[in-house]
Each structure stands twice: as C-alpha cells, then as structure tokens.
Amino acid sequence: MCSSDLPPLYFDTQTAEQLAEGDRLYAVHIARGYLQDSQAKVIDVEYLQDFNDDYREINRLLPVYQITFDRADGMRAYIDTTGAKLSTLVNNTKYRLNWFFGFFHNWNFLGTTDSVRWSFIVGFALLTFIAAASGILVYGFFWNSFSKTADSASARGWLRKYHRRIGIFVAATMLTFSFSGGFHALVKLRNNNADEKTRFVVAQFAPAELSFPLSKALAAPEGQKDAVGVSLVRFQNAACYRITRADKKVEYVNASTGERLNDSAENQYTRQLANSFSGLREEQIASMTLVTKFDDEYGFAYKRLPVVNVQYEDAANTRYYVDPASGALAANFSDSSQSFENWTFSYIHKWHFLNPIGSIARDIVMMLFVLVNATVSGMGLVLFAMWFKPRRRLNRIIGKAGSSAGKEELVAATLVRARTE
C-alpha cells in the first residue's frame with residue numbers, strides 16, 4: 001500500500017499490524033539477494049525521489065532506495081521496491097568511471113543548468129561535424145591542389161600525407177559520432193529538460209471496497225499455481241486484486257465481491273492504462289504486443305521488462321509501453337524527431353548495427369575507431385603548430401621590416417616558409 005509521494009506501507013496479513021520501516025527492510029532484503037551478500041553491514045539507507053550525481057537520469061526508476069554497504073568496494077545498491085527491481089549497482093570503480101564519463105562526455109562541469117550544457121554540446125558537435133566534413137572535402141576532392149607544395153620527405157610532409165590518408169579512412173565515423181551526439185543533445189534541449197521520472201497511474205480506495213478477504217482471493221483455484229505476487233488496482237472503476245501465479249498467469253479478483261474476472265482482464269487493464277497515459281481513445285488501439293526483451297526502440301535504458309507495446313492507429317503512429325504489474329508508463333514513442341533520434345543514437349552513435357558480432361566485439365571496434373580519430377586529431381594539432389610557428393615569427397619580422405637588416409631577415413624567413421610548405 002503506498003501513495004505517489006511516500007514509501008509503501010506494510011501490514012501483517014494475520015494481525016493487520018503495520019510493520020515499522022517495512023519498505024526499508026524489504027529494500028535491504030532485495031539488495032542482499034541481488035548481491036548474494038548476507039554478511040556486509042548496511043551503513044546507510046536513503047529514499048531517493050530525485051536523481052543525483054551518483055544516480056543519474058539514465059537509470060529511469062524513481063523512487064528508489066540507495067543502500068550503502070560496509071564493503072571494501074563501497075558498494076551501493078539502488079532498489080525499486082514497487083517492482084522488486086534492482087535499478088543499478090555502483091561501487092568505487094564504477095563511481096570513478098561514471099564521474100569520468102559525466103565530466104568528459106556529458107560535460108557535467110558546466111553545472112546543473114542542463115539547457116546551457118546541452119547548448120554547448122550542440123555547438124561543439126556542430127563544429128566537429130564541420131571539421132570532419134571539411135576534411136573530407138579538402139583531402140578527398142581538392143588534395144591535388146594542396147599536395148603540389150608538400151614535401152613528403154620532411155616531417156611536416158610526412159605528417160600531412162598520413163594525416164590525410166588516415167583521416168579520410170575514419171572521417172565517416174567522426175561524422176556519425178558528431179551528428180548523432182549533437183542531434184541527441186538538440187532533442188534534449190528542445191524537450192526543455194523534460195521530466196524523465198517514471199509516470200504511474202494513481203488510484204484511491206475506500207475501506208469498504210476491500211471487504212472480500214485477501215486470503216480467499218489468493219487461494220489457488222483447482223489446477224492453478226500458488227500466488228507469487230499481488231497488487232491492488234482500479235479496473236473498470238472497481239477495486240481489484242491483481243494476482244500473479246507461479247506459472248506467470250495473471251488473474252483479477254473483485255476486492256469487494258470476490259468475483260474472479262475472465263482471462264481477458266489483463267488485456268483490458270493494459271488498454272485502460274495506456275489510454276489513461278496517452279489520452280487517446282479505446283477504438284484507436286491497433287495492436288498490443290508483449291515485449292520480453294530489449295530492442296532498438298525499447299532499449300536497455302528503459303529498465304522495465306516485461307512490458308506491453310500498445311500501438312495506436314493515429315497520424316503520429318503512437319506507441320505506449322506500459323507495465324501492468326506496477327501501473328507504470330515505461331516509455332512512449334511516435335513517428336517524430338524523438339523516434340528518429342532514438343534510431344540515430346542506437347545505430348550511428350552506439351553502433352548497434354554491429355550487435356550480431358556481440359556487444360564486447362562491437363565496443364572494441366568502436367574504441368579502435370575512436371582511438372584512430374584521436375590520433376588523427378593529434379596529428380592535425382601538430383601540423384597546426386608547425387604551420388603557426390613560422391607565421392608568428394614572420395609577423396614579428398614584418399613589424400620591424402623598416403630597417404635594411406629587417407628586410408634581409410624578412411626575405412630569409414619568406415624563403416624558409418616556402419621550403420617548409
């Protein structure tokens with residue numbers, strides 16, 4: 001039993017006595033089960049209703065308990081008790097990696113004003129895209145015009161030669177990384193930092209609606225398995241027990257009359273949930289599909305499984321992913337910039353097109369291309385420094401070219417510049 005803001009309350013089903021700190025105790029129990037650690041001392045338990053530096057928006061699930069254990073690795077477990085889910089585990093190593101990723105990839109050093117941070121990222125991604133595109137244009141189409149003055153025997157000529165060859169080879173990947181990353185940031189900016197907390201359907205119940213004994217509702221009819229989970233839902237304007245059996249079958253029992261609803265109740269309740277979130281009409285639902293594994297649209301970042309994809313027949317081709325077990329909206333999509341952004345981020349930023357070779361092999365290939373891109377950028381910086389230094393000296397000489405000695409020095413410097421280019 002819970003409200004939308006406070007932790008759930010726990011009651012003894014035999015005595016009806018409330019269990020003090022029941023949700024906290026249950027969260028610790030779940031955390032120990034996932035960690036397979038019954039010995040480590042719990043040194044802190046915090047109920048999080050907002051994301052923080054340690055528990056970022058990518059984790060999606062809120063509210064959760066942050067449970068810190070007295071272990072050498074500084075383990076923290078983040079637990080969603082409403083679904084008995086482990087959201088994530090963070091130890092000291094992962095914390096450092098998260099900090100590194102947040103600082104250098106997400107630019108968290110720009111502060112907590114996300115509109116400013118996303119704006120800077122969009123601008124930088126645009127500059128990176130222009131740099132990669134101009135490199136392809138210059139080195140791919142106009143190289144003959146520039147190569148006439150290049151001396152491949154000199155250090156600068158050697159750098160220019162291989163900067164061009166390697167750069168052409170990896171420039172396409174720089175275009176994909178910068179475009180998809182910039183587009184991702186632009187969508188975030190346009191959404192004005194939309195709340196990424198999970199939305200739940202909230203229902204209220206009067207004591208008189210719960211007159212049918214729960215013990216009788218849980219009793220397995222002949223041929224059915226024992227109950228492994230139960231929740232209270234409002235279905236068709238009546239309070240109902242939603243009971244999950246050991247064989248994963250779900251049944252609905254009217255909490256007032258004890259009437260067991262037919263097998264279509266789960267399907268109808270899922271439709272009711274989707275309509276309450278979307279605001280669309282019942283007759284607009286085109287199909288419903290059970291989703292038991294993550295895919296390119298409903299990816300790992302959305303956390304919840306299993307969910308039901310409720311497909312609407314409307315102009316935007318709207319899809320709502322709902323979790324009837326918790327009454328949560330897991331995600332929603334439509335044929336818009338958000339849908340295209342999800343595709344670009346999955347396929348050309350995270351390279352999910354390489355998933356057939358395995359996630360580890362995919363990540364290794366990505367790291368190799370990133371390393372080569374970094375090498376090309378380093379070579380470009382060296383070339384820029386080699387180009388800039390003689391020009392700086394030349395400009396300094398021009399400033400004192402009034403004297404005859406200055407004029408002679410200017411001529412000599414000009415000859416050196418011509419030889420180096």
Side-chain angles (χ1 to χ4, degrees), residues 2 4-5 7-8 23-24 26-35 42 44-69 71 73-108 111-112 114 117-118 121 181 184-185 187-188 191 193-200 277 291 293-307 321-323 325-333 338 341-342 345-346 349-350 352 359 363:
C2 65
S4 58
D5 299 318
D23 202 40
R24 176 186 181 279
Y26 185 44
V28 172
H29 170 76
I30 296 172
R32 289 193 184 280
Y34 278 113
L35 285 173
V42 175
D44 184 58
V45 178
E46 185 178 355
Y47 186 64
L48 300 182
Q49 293 182 281
D50 293 291
F51 299 107
N52 57 32
D53 291 339
D54 203 21
Y55 187 71
R56 306 292 299 185
E57 290 81 356
I58 188 64
N59 294 294
R60 302 279 176 171
L61 301 183
L62 277 179
V64 294
Y65 281 91
Q66 174 185 283
I67 304 170
T68 305
F69 291 90
R71 296 181 13 160
D73 59 1
M75 181 64 70
R76 283 91 75 194
Y78 293 85
I79 303 297
D80 168 28
T81 55
T82 60
K85 289 180 170 64
L86 171 68
S87 178
T88 190
L89 294 171
V90 178
N91 58 18
N92 292 335
T93 300
K94 186 175 180 180
Y95 175 79
R96 296 186 188 100
L97 290 174
N98 286 345
W99 180 91
F100 185 87
F101 184 85
F103 191 91
F104 290 100
H105 192 84
N106 291 341
W107 290 17
N108 291 342
T112 57
D114 278 355
R117 181 165 60 91
W118 291 124
I121 292 175
H184 176 73
V187 170
K188 292 283 188 181
N191 287 343
N193 214 18
D195 191 358
E196 298 198 31
K197 296 180 184 178
T198 303
R199 290 167 56 192
F200 292 91
F277 288 126
V291 178
K293 62 181 180 179
F294 298 112
D295 56 27
D296 294 326
E297 178 171 83
Y298 186 76
F300 176 75
Y302 296 101
K303 301 292 185 179
R304 297 178 183 274
L305 281 179
V307 294
Y321 290 79
V322 297
D323 177 14
S326 62
L329 172 62
N332 64 285
F333 305 98
Q338 180 194 11
E341 185 272 326
N342 286 334
F345 198 66
S346 293
H349 195 79
K350 299 167 71 175
H352 281 186
S359 59
D363 292 344

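- Side-chain contact between Leu329 and Val322 is present, with at least one heavy-atom pair separated by less than 4.5 Å.
- Using the six-membered ring where Trp is involved, Phe100 and Phe104 have ring planes that are tilted, between 30° and 60° apart.
- The two residues Phe277 and Arg199 come nearest to each other via the heavy atoms O-NH2, 3.3 Å.
- In this structure, Asn92 and Arg76 have side chains that are in contact, with non-hydrogen atoms separated by less than 4.5 Å.
- The heavy-atom pair separating Ile67 from Ala31 by the smallest distance is CD1-CB, 3.8 Å.
- Between the side chain of Tyr298 and the backbone N or O of Arg304 there is at least one donor-acceptor pair closer than 3.5 Å.
- Contact detail for Gly181 and His349: the closest heavy-atom pair is N-ND1, 3.4 Å.
- Residues Ile121 and His184 fail the side-chain proximity criterion, which asks for heavy atoms closer than 4.5 Å.
- Between Lys94 and Asn91, the closest heavy-atom pair is N-OD1, 2.8 Å.
- Minimum interatomic distance between Phe294 and Gly299 (heavy atoms only, all atoms of both residues): CD2-O, 3.1 Å.
- The shortest side-chain heavy-atom distance between Leu61 and Tyr55 falls under the 4.5 Å cut-off.
- Distance check, rounded to the nearest 0.5 Å: CG of Leu62 to CG of Leu48 gives 7.5 Å.
- Here Arg56 contributes atom CZ and Asn108 contributes atom CG; the two are 4.5 Å apart, rounded to the nearest 0.5 Å.
- Annotation: side chain of Asn52 is not in contact with side chain of Glu46 (no heavy-atom distance under 4.5 Å).
- Taking CZ from Phe300 and CG from Asp295, the interatomic distance works out to 14.0 Å, rounded to the nearest 0.5 Å.
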Derivation and outcome, side chain to side chain contact (heavy atoms under 4.5 Å, CB included), residues Val42 and Phe69: CA-CA 5 Å; Val42 175; Phe69 291 90; 3.7 Å; yes
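- Using a 4.5 Å cut-off on side-chain heavy atoms (C-beta onward), Gln66 and Asp44 make contact.
- When side chains are defined from C-beta on, Lys303 does not count as touching Asp80, because their heavy atoms never get closer than 4.5 Å.
- Heavy-atom neighbours of Phe345 CZ from other residues, nucleotides or ligands within 6.0 Å: above the threshold of 12.
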List the steps, then state whether side chain to side chain contact (heavy atoms under 4.5 Å, CB included) holds for Tyr26 with Ile79. CA-CA 10 Å; Tyr26 185 44; Ile79 303 297; over 6 Å; no
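- Separation of atoms CG (Leu89) and CE (Met75) is listed at 5.5 Å; rounding is to 0.5 Å.
- Taking each heavy atom of Ala27 and Thr81 in turn, the nearest pair found is CB-CG2, 3.7 Å.
- Note that OH of Tyr34 and OG1 of Thr88 are 12.0 Å apart. Values are rounded to the nearest 0.5 Å.
- Separation of atoms CG (Asn332) and OH (Tyr302) is listed at 8.5 Å; rounding is to 0.5 Å.
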